[in-house]
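See structure below.
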2 protein chains.
Amino acid sequence: HPGSYEERLAPGCSQVQLSFRYESRDQRFTIYVMQLTNCSALCLLADHKIHVRVVVLPCLEASCCLFRTRGSLPQDAVEVNEVFGMQISHNALRQKTLRVDVCCSSKLGHEQCLAGAQISLADISCSEERCTKWYNLLSHTCMAEINQE
Amino acid sequence: HPGSYEERLAPGCSQVQLSFRYESRDQRFTIYVMQLTNCSALCLLADHKIHVRVVVLPCLEASCCLFRTRGSLPQDAVEVNEVFGMQISHNALRQKTLRVDVCCSSKLGHEQCLAGAQISLADISCSEERCTKWYNLLSHTCMAEINQE
């Protein structure tokens, strides 16, 4: 009975709050990673720190398009407040997709991504206004299960 | 020099046009898969048909949340025009993520997903108005490369 599953899910999926701005004059795209909520849904391990990995794809060299926030101790809500920027023309940006993942890392530094959001930048505005939104995070386990169907 | 890469990319990433509607009275969510463009960017094989796979995640049983369009012969632009619907409360829907993939299948029926878009439904409106947009498709190869970093 799907109803009961929906009810169980209702207490909340984890979410990330992001904000974007494109400044035409400087051809600069800025990504604000603001906060995470409901991280408990991600089954975090107490001895692993969590961070957010942001990638603007497709890209040729990870060094110009991949950013990571500082690690935080696992807790239900995390204030991130980090800002990343890149120089790119508006036309090129509109063909990109932003991939945002919540990852954890052990003391040995091995990174494992747990859940993510993917945002098409096809209709990113160049109005210079900062646009802020909450995005649902989809767990990687969930995607893996569907691909095994 | 990143500029030249951006220029090479400029002829176009592939895109899918989707449309959504939520009808509160019937608690019905409708997904319209309208068309694909620039499919040549996906490196299609001539003897494989392509189709679009739509999944509303997370979900307990694939049978209630996974849909596939009919197969089409590979070509640059594909008119799909197929409609899928599901019964779900607005609160439950707002915790879901829509995953849309362009997949190909060989004559033996093996499905391989090439590129996709992922859409957070956190701010899906219940205004009954149909909202139509083009989404960039991110190739799975691209994601795999980043995860190997």
Side-chain angles (χ1 to χ4, degrees), chain A residues 1-13 15-16 38 41 53 55 57-66 86-89 91-99 101 111 113 115-123 133-143 145-149, chain B residues 2-16 38 41 53 55 57-66 86-89 91-99 101 111 113 115-123 133-143 145-149:
Chain A
H1 178 62
S4 55
Y5 174 66
E6 306 305 339
E7 292 313 312
R8 268 197 290 130
L9 190 73
C13 62
Q15 290 189 318
V16 61
N38 268 315
R53 189 184 72 176
V55 204
L57 292 165
C59 89
L60 200 55
E61 282 190 66
S63 57
C64 339
C65 65
L66 188 149
M86 64 191 289
Q87 202 96 22
I88 185 168
S89 76
N91 261 349
L93 187 62
R94 287 178 54 221
Q95 304 208 26
K96 302 282 189 183
T97 294
L98 189 76
R99 177 80 210 180
D101 285 282
E111 178 177 71
C113 292
Q118 192 172 303
I119 301 141
S120 161
L121 300 176
D123 49 7
K133 257 166 78 170
W134 282 99
Y135 296 86
N136 294 340
L137 292 167
L138 181 62
S139 111
H140 287 221
T141 327
C142 214
M143 274 306 297
E145 277 167 15
I146 284 294
N147 286 325
Q148 274 161 21
E149 275 294 312
Chain B
S4 55
Y5 173 66
E6 305 304 339
E7 293 314 313
R8 269 197 289 131
L9 190 73
C13 62
S14 42
Q15 291 189 317
V16 60
N38 269 315
R53 188 184 73 175
V55 204
L57 290 165
C59 89
L60 200 55
E61 282 191 66
S63 56
C64 340
C65 65
L66 189 149
M86 66 191 290
Q87 202 95 21
I88 186 168
S89 76
N91 261 348
L93 186 63
R94 287 178 53 220
Q95 305 208 24
K96 303 283 189 181
T97 293
L98 190 75
R99 176 81 211 179
D101 286 282
E111 178 177 69
C113 292
Q118 191 171 302
I119 301 141
S120 162
L121 300 177
D123 49 7
K133 256 167 79 172
W134 282 98
Y135 296 87
N136 293 341
L137 293 168
L138 180 63
S139 111
H140 287 221
T141 327
C142 214
M143 274 304 299
E145 276 167 16
I146 284 293
N147 286 326
Q148 274 162 21
E149 275 294 313

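Per chain, numbering begins at 1; letters A, B, ... match sequence-line order.
The minimum heavy-atom distance linking A/Asn136 with B/Leu121 is given by the pair ND2-N, 3.9 Å.
No donor-acceptor pair under 3.5 Å is formed between the side chain of A/Gln118 and the backbone N or O of B/Leu138.
If you measure heavy-atom distances from B/Asp123 to chain A, the contacts under 4.5 Å come from the side chain alone. With a 4.5 angstrom heavy-atom cutoff, A/Gln15 touches chain B only via side-chain atoms.
With chain A as the partner, the residue from B/Ser120, B/Ser139, B/Cys142 showing the most heavy-atom pairs under 4.5 Å is B/Ser120.
Taken to the nearest 0.5 Å, the CE atom of A/Met143 stands 10.5 Å off from the OG1 atom of B/Thr97.
Residues A/Asn147 and B/Arg99 have side chains that never bring a donor and an acceptor to within less than 3.5 angstrom of each other.
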